[in-house]
Amino acid sequence: QVQLVESGGGLVQPGGSLTLSCVVSGSRFAINAMGWYRQAPGKRRELVAAITSGGTTTSAASVKGRHSISRDGAKNTVTLQMNSLKPEDTGVYYCAADSDYNSIRTHHYNHWGQGTQVTVSS
């Protein structure tokens, strides 16, 4: 059974930084797409950033220049470095993984983590 374990959420002041990590285990197939999604209270879940095993990335316009995504293929780990955090970055952050490269475009992932809370507030 595929498991995604997220870590690194918490409370941070505006302008601060946080690093989120997600480890995928139990997959019989290669994980070729991994992403981070955010769901703010009362809103739909939305893409933050995603990356393929080949290194192709995509990210929301609202986080370009502030957040960056990277992955360690050998460890099936994806990391989201979030800088210059704003109150609007607040939400539950979900890690997603799939064997399909196109998941970073279609936003369809077969595997999701439980989510980790990020709160940006003074």
Side-chain angles (χ1 to χ4, degrees):
Q1 183 173 352
V2 179
Q3 288 189 319
L4 283 70
V5 179
E6 301 130 328
S7 61
L11 173 65
V12 64
Q13 293 187 341
S17 298
L18 274 179
T19 302
L20 303 184
S21 294
C22 173
V23 180
V24 181
S25 62
S27 177
R28 294 187 298 158
F29 304 101
I31 298 297
N32 291 312
M34 298 185 76
W36 286 98
Y37 285 73
R38 172 178 68 211
Q39 187 164 23
K43 295 188 176 181
R44 295 175 60 184
R45 190 162 56 188
E46 61 181 0
L47 170 73
V48 178
I51 186 168
T52 69
S53 56
T56 299
T57 62
T58 185
S59 60
S62 61
V63 307
K64 286 186 188 296
R66 298 189 299 122
H67 301 353
S68 62
I69 189 169
S70 61
R71 65 172 287 168
D72 183 333
K75 297 180 180 179
N76 266 351
T77 299
V78 63
T79 299
L80 182 68
Q81 177 63 45
M82 303 189 292
N83 301 318
S84 302
L85 283 160
K86 304 176 181 180
E88 49 264 45
D89 291 315
T90 294
V92 179
Y93 282 69
Y94 295 92
C95 176
D98 203 282
S99 58
D100 187 356
Y101 290 94
N102 287 323
S103 293
I104 70 164
R105 180 177 56 82
T106 64
H107 307 299
H108 178 260
Y109 291 84
N110 282 312
H111 310 294
W112 292 86
Q114 296 286 343
T116 185
Q117 177 69 44
V118 171
T119 302
V120 184
S121 174
S122 55

- Minimum heavy-atom separation for Q39 to K43, with atom names? NE2-O, 3.1 Å
- Message: Please find the pair of heavy atoms, one from A50 and one from I104, that lie closest to each other, and give the distance.
- Response: CB-CG2, 3.7 Å
- Spatial distance of atom NE2 (H107) from atom CZ (R45) [nearest 0.5 Å]: 11.5 Å
- Query: Considering all heavy atoms of both residues, which atom of G91 and which atom of Q117 are nearest to each other, and what is their separation?
  - Reply: O-NE2, 3.4 Å
- Task: Identify whether V48 and L18 are in the same connected component of the hydrophobic contact network (ILVMFWY, side-chain heavy atoms under 4.5 Å).
- Result: yes
- Query: Are any of the side-chain heavy atoms of V92 and Y37 separated by less than 4.5 Å?
  - Reply: no
- Query: Does any donor atom in the side chain of Q81 or T19 lie under 3.5 Å from an acceptor atom in the other side chain?
  - Reply: yes
- Query: Should we say atom CD of E88 is surrounded by more than 12 heavy atoms from elsewhere, each under 6.0 Å from it?
  - Reply: yes
- Message: Quick one: does any side-chain atom of E6 pair with a main-chain N or O of Q114 as donor and acceptor, under 3.5 Å?
- Response: yes
- Message: Distance alone, cut at 3.5 Å: any donor-acceptor contact between the side chains of N83 and S17?
- Response: yes
- Query: Is the shortest heavy-atom distance from the side chain of T90 to the side chain of S121 under 4.5 Å?
  - Reply: no
- Message: Using a 3.5 Å distance criterion without hydrogens, assess whether the side chain of T56 forms a donor-acceptor pair with backbone atoms of T52.
- Response: no
- Considering only heavy atoms from C-beta outward, does the side chain of W36 approach that of M82 to under 4.5 Å? no
- Query: So do the side chains of R28 and V2 get within less than 4.5 Å of each other, counting heavy atoms only?
  - Reply: no
- Assess whether side-chain contact (heavy atoms from CB on, under 4.5 Å) is satisfied between D98 and W112, documenting all intermediate values. CA-CA 9 Å; D98 203 282; W112 292 86; over 6 Å; no
- Query: Looking only at heavy atoms, what is the nearest atom pair of A96 and Y109, with distance?
  - Reply: CB-CG, 3.4 Å
- Item | Whether T57 side chain and I51 backbone form a donor-acceptor pair below 3.5 Å | no
- Query: Got a second to check how far S62's OG is from H67's NE2, nearest 0.5 Å?
  - Reply: 7.0 Å
- The reported gap from OG in S99 to NE2 in H111 (rounded to nearest 0.5 angstrom) is 6.5 Å
- Is a side-chain donor or acceptor of N32 paired with a backbone partner of S53 at a separation under 3.5 angstrom? no
- Close side-chain approach of V24 and M34, heavy atoms under 4.5 Å: yes
- Query: Same hydrophobic cluster for L47 and L20, using side-chain heavy-atom links shorter than 4.5 Å among ILVMFWY?
  - Reply: no
- Message: Please say yes or no: joined through hydrophobic side-chain contacts below 4.5 Å, possibly via intermediate residues, are I31 and I69 part of one cluster?
- Response: yes
- Spell out, as yes or no, whether a donor-acceptor pair under 3.5 Å connects the side chain of S103 to the backbone of H108. yes
- Item | CD-OG distance between Q1 and S27, expressed to the nearest 0.5 angstrom | 12.0 Å
- Query: Would a 4.5 Å heavy-atom cut-off, applied to side chains only, mark R38 and D89 as touching?
  - Reply: yes
- Output yes when a side-chain donor or acceptor of R66 lies under 3.5 Å from a complementary backbone atom of S84, and no otherwise. yes
- Message: In this structure, would V23 and V78 fall into the same cluster of hydrophobic residues linked by side-chain contacts under 4.5 Å?
- Response: no
- Honestly curious: do L4 and V118 fall in one hydrophobic cluster under the side-chain, below-4.5 Å linking rule? yes
- Going from OG on S68 to CG on L80, what distance comes out if it is rounded to the nearest 0.5 angstrom? 7.0 Å
